[in-house]
K.L.:
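Can you read through this structure? Questions will come right after.
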Amino acid sequence: MEQIKIDSTQQRGQAGRIVLMVACALAAAGALWQLDAGWPYWLVLLVPALLWPGLAQWMSQRSAQSDSNDVILAFVDGIVVGLWVALTHFNLLASAVMLMFLVHSTYAMQSARHVVLVLAGAIAGLAVCGLLTSFGIQQATGIAAILGSLLGLALYLAAQGLTTGRLLQTLAHKEQMLTVLRRVDAMTGFFGRAYWNDLAARLFHYAKQKDIPAFMLVVDVDNFRDINSRKGETAGDEVIIAVANTLRNCVRPGDATCRFGGDSFGVLLSGVNLDIANKIADRIHNQVSNRRLREWPDLQISVSIGIASLAKYHQSVEEWIKQAESSLDQAKGAPRMPAAAPDLQPISAEHLAELAAESGPA
């Protein structure tokens with residue numbers, strides 16, 4: 001857990017703190033310009049704005065205790081902004097804008113607990129600076145204060161927009177990755193069961209509408225539990241991969257193949273007749289039987305295959321799947337004759353495009 005923990009200070013990052021400091025400094029600068037402040041005021045404004053973000057980054061990189069470091073950095077962030085609030089003689093607009101930046105930035109990138117810390121730091125900062133400035137109050141808000149606050153607001157909102165855009169891009173990328181993971185079985189590279197069911201539903205409706213033949217093959221590894229118990233799960237995984245590679249070699253690229261889970265696979269065939277479907281099944285059976293695993297050369301692999309033709313009496317894709325599974329039960333232990341490679345014509349691009357456009361069941 002420690003290796004994957006993300007430091008909340010690193011989440012904010014140096015760029016976030018720079019934006020916060022510069023935006024607040026612009027608002028404070030407008031108010032100071034309105035006050036016609038002397039150079040000590042400007043020094044108190046510019047030194048923290050220029051040095052604190054870099055110092056905070058250095059502290060984050062040096063600290064091994066991120067939680068305690070977060071507390072310190074949040075408190076100092078508040079102190080800096082609090083100093084500037086008092087420095088502007090509590091100019092209403094500039095003070096409100098700076099405190100808004102401080103609270104929003106802290107809450108968005110860290111937590112409500114850190115908001116309490118920065119507010120405590122702000123109170124401490126404005127108390128110290130207020131004592132030095134005799135708690136002078138500037139009630140009027142002139143053009144300079146308004147302009148500085150608007151510039152700070154524009155900078156802050158622009159930075160927030162860029163950050164939000166990056167987050168949305170990251171989320172979209174992760175959503176795409178999750179979609180791929182939901183669709184694909186990691187071990188075999190075949191479709192997962194849920195996505196394959198959707199493809200089966202599309203083929204079901206497409207074949208019914210176009211009145212073209214379609215077949216479903218269910219392939220099951222024989223005695224898989226016994227292989228796992230005798231040879232171990234590593235051998236079992238190698239068996240699954242070997243069967244998957246065989247299936248990949250025996251069907252066309254456009255024929256949807258999935259791993260049902262465990263030791264079972266499903267294949268959808270369209271545009272072929274029953275003789276071709278049987279030859280494909282025989283070829284799969286024979287090639288699997290001839291495969292040998294490098295680490296377990298004595299291990300004999302075999303599969304049973306159920307075939308179900310899509311029929312007019314099938315009212316749903318579930319009925320089609322049940323017939324294929326029933327055919328698989330009947331095929332358990334039944335011998336298959338050696339078969340030559342079937343004469344398979346590649347699936348046309350038009351056929352694949354129409355099948356992809358099929359929406360499936362409502």
Side-chain angles (χ1 to χ4, degrees), residues 9 12 14-57 59 70-161 163:
T9 302
R12 168 181 284 185
Q14 186 179 20
R17 182 166 277 106
I18 290 174
V19 169
L20 172 63
M21 291 293 113
V22 173
C24 289
L26 286 172
L32 291 181
W33 188 274
Q34 178 180 320
L35 289 172
D36 196 19
W39 68 265
Y41 284 75
W42 290 101
L43 193 64
V44 175
L45 175 65
L46 293 175
V47 170
L50 295 175
L51 299 183
W52 171 236
L55 179 59
Q57 180 72 8
M59 291 173 62
D70 281 353
V71 171
I72 296 172
L73 296 182
F75 191 74
V76 176
D77 284 344
I79 289 176
V80 172
V81 175
L83 285 173
W84 293 346
V85 168
L87 198 68
T88 63
H89 289 187
F90 300 94
N91 181 281
L92 181 60
L93 178 60
S95 298
V97 167
M98 287 189 286
L99 291 174
M100 180 191 69
F101 292 161
L102 179 66
V103 172
H104 180 269
S105 175
T106 303
Y107 185 75
M109 301 306 295
Q110 295 181 298
S111 67
R113 179 173 70 93
H114 291 86
V115 171
V116 175
L117 290 171
V118 297
L119 288 178
I123 292 172
L126 65 87
V128 172
C129 190
L131 289 173
L132 296 176
T133 59
S134 302
F135 287 96
I137 298 178
Q138 173 66 40
Q139 295 181 347
T141 300
I143 297 298
I146 294 174
L147 183 59
S149 297
L150 289 177
L151 288 174
L153 182 62
L155 172 65
Y156 187 80
L157 291 178
Q160 291 297 312
T163 301

K.L.:
Fit a plane to each ring of W33 and W42, take the angle between them on a 0 to 90° scale, and name the class: parallel (under 30°), tilted (30 to 60°) or perpendicular (over 60°).
P.N.:
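If you compare the ring of W33 with that of W42, the planes turn out perpendicular.
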K.L.:
Could you give the distance from CG (L117) to CZ (F75), rounded to the nearest 0.5 Å?
P.N.:
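If we round to the nearest 0.5 Å, L117:CG and F75:CZ are 8.0 Å apart.
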K.L.:
Would you give the length of the straight line joining atom CE of M100 to atom OG of S105, rounded to the nearest 0.5 angstrom?
P.N.:
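The CE atom of M100 sits 11.0 Å away from the OG atom of S105.
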K.L.:
Where do T141 and A145 come nearest, in terms of heavy atoms and distance?
P.N.:
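Nearest heavy atoms, T141 then A145: CG2-CB, 4.0 Å.
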K.L.:
Atom CG of residue position L131 - does it have more than 12 heavy atoms of other residues, nucleotides or ligands inside 6.0 Å?
P.N.:
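Atom CG in L131 is packed in, count exceeds 12.
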K.L.:
To the nearest 0.5 Å, tell me how far I79 CD1 sits from W52 CH2.
P.N.:
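Reported value, rounded in 0.5 Å steps: 8.5 Å.
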K.L.:
With side chains defined as the heavy atoms from C-beta onward, is the minimum distance between W84 and P48 less than 4.5 Å?
P.N.:
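They are in side-chain contact.
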K.L.:
I want to check something: taking the side chain as every heavy atom from C-beta on, are L83 and L126 in contact at a cut-off of under 4.5 Å?
P.N.:
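Heavy-atom side-chain distance check fails, nothing below 4.5 Å.
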K.L.:
Using the rule given for side-chain contact (heavy atoms from CB on, under 4.5 Å), can you reason through V47 versus L43, listing the C-alpha separation, both sets of side-chain angles and the distance that settles it, and then say yes or no?
P.N.:
CA-CA 6 Å; V47 170; L43 193 64; 3.8 Å; yes
K.L.:
Quick check: closest heavy atoms across A74 and V118, and the distance to 0.1 Å?
P.N.:
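Closest heavy-atom pair between A74 and V118: O-CG1, 3.0 Å.
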K.L.:
Determine whether V81 and M98 make a side-chain contact, defined as any pair of heavy atoms from C-beta on separated by less than 4.5 Å.
P.N.:
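In short, these two side chains touch, coming nearer than 4.5 Å.
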K.L.:
Would you check, one step at a time, whether the test side-chain contact (heavy atoms from CB on, under 4.5 Å) holds for R113 with Y107?
P.N.:
CA-CA 8 Å; R113 179 173 70 93; Y107 185 75; over 6 Å; no
K.L.:
Nearest 0.5 angstrom please: M59 CE to L73 CG, how far?
P.N.:
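Reported value, rounded in 0.5 Å steps: 5.0 Å.
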K.L.:
Looking at every heavy atom in both A25 and A49, which two are closest together, and how far apart are they?
P.N.:
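For A25 versus A49, the nearest heavy atoms are CB-CB, 4.2 Å.
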K.L.:
Let me confirm one number: the CG-CD distance from L147 to Q34, rounded to the nearest 0.5 Å.
P.N.:
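It comes to 11.5 Å.
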K.L.:
Which is it for V71 and H114 under the side-chain contact (heavy atoms from CB on, under 4.5 Å) test, yes or no, and what are the steps along the way?
P.N.:
CA-CA 7 Å; V71 171; H114 291 86; 5.6 Å; no
K.L.:
Supply the atom-to-atom distance L87 CG to L132 CG, rounded to the nearest 0.5 angstrom.
P.N.:
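One gets 10.0 Å once the value is rounded to the nearest 0.5 Å.
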K.L.:
Are H104 and Y156 linked by a side-chain donor-acceptor pair shorter than 3.5 Å?
P.N.:
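Present: a donor and an acceptor within the cut-off.
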K.L.:
Can you check whether V85's main-chain N or O pairs, donor with acceptor, with T88's side chain at less than 3.5 Å?
P.N.:
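Yes.
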K.L.:
Decide yes or no on side-chain contact (heavy atoms from CB on, under 4.5 Å) for F101 and L153, but give the supporting numbers first.
P.N.:
CA-CA 8 Å; F101 292 161; L153 182 62; 3.9 Å; yes
K.L.:
How close do R17 and P53 get, heavy atom to heavy atom, and via which atoms?
P.N.:
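Minimum heavy-atom separation between R17 and P53: CD-CA, 3.9 Å.
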K.L.:
Heavy atoms only: give me the nearest S149-L93 pair and the separation to one decimal.
P.N.:
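Closest approach of S149 to L93: OG-CG, 3.6 Å.
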K.L.:
Heavy atoms only: give me the nearest V19-A159 pair and the separation to one decimal.
P.N.:
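Residues V19 and A159, closest heavy atoms: CG1-CB, 3.5 Å.
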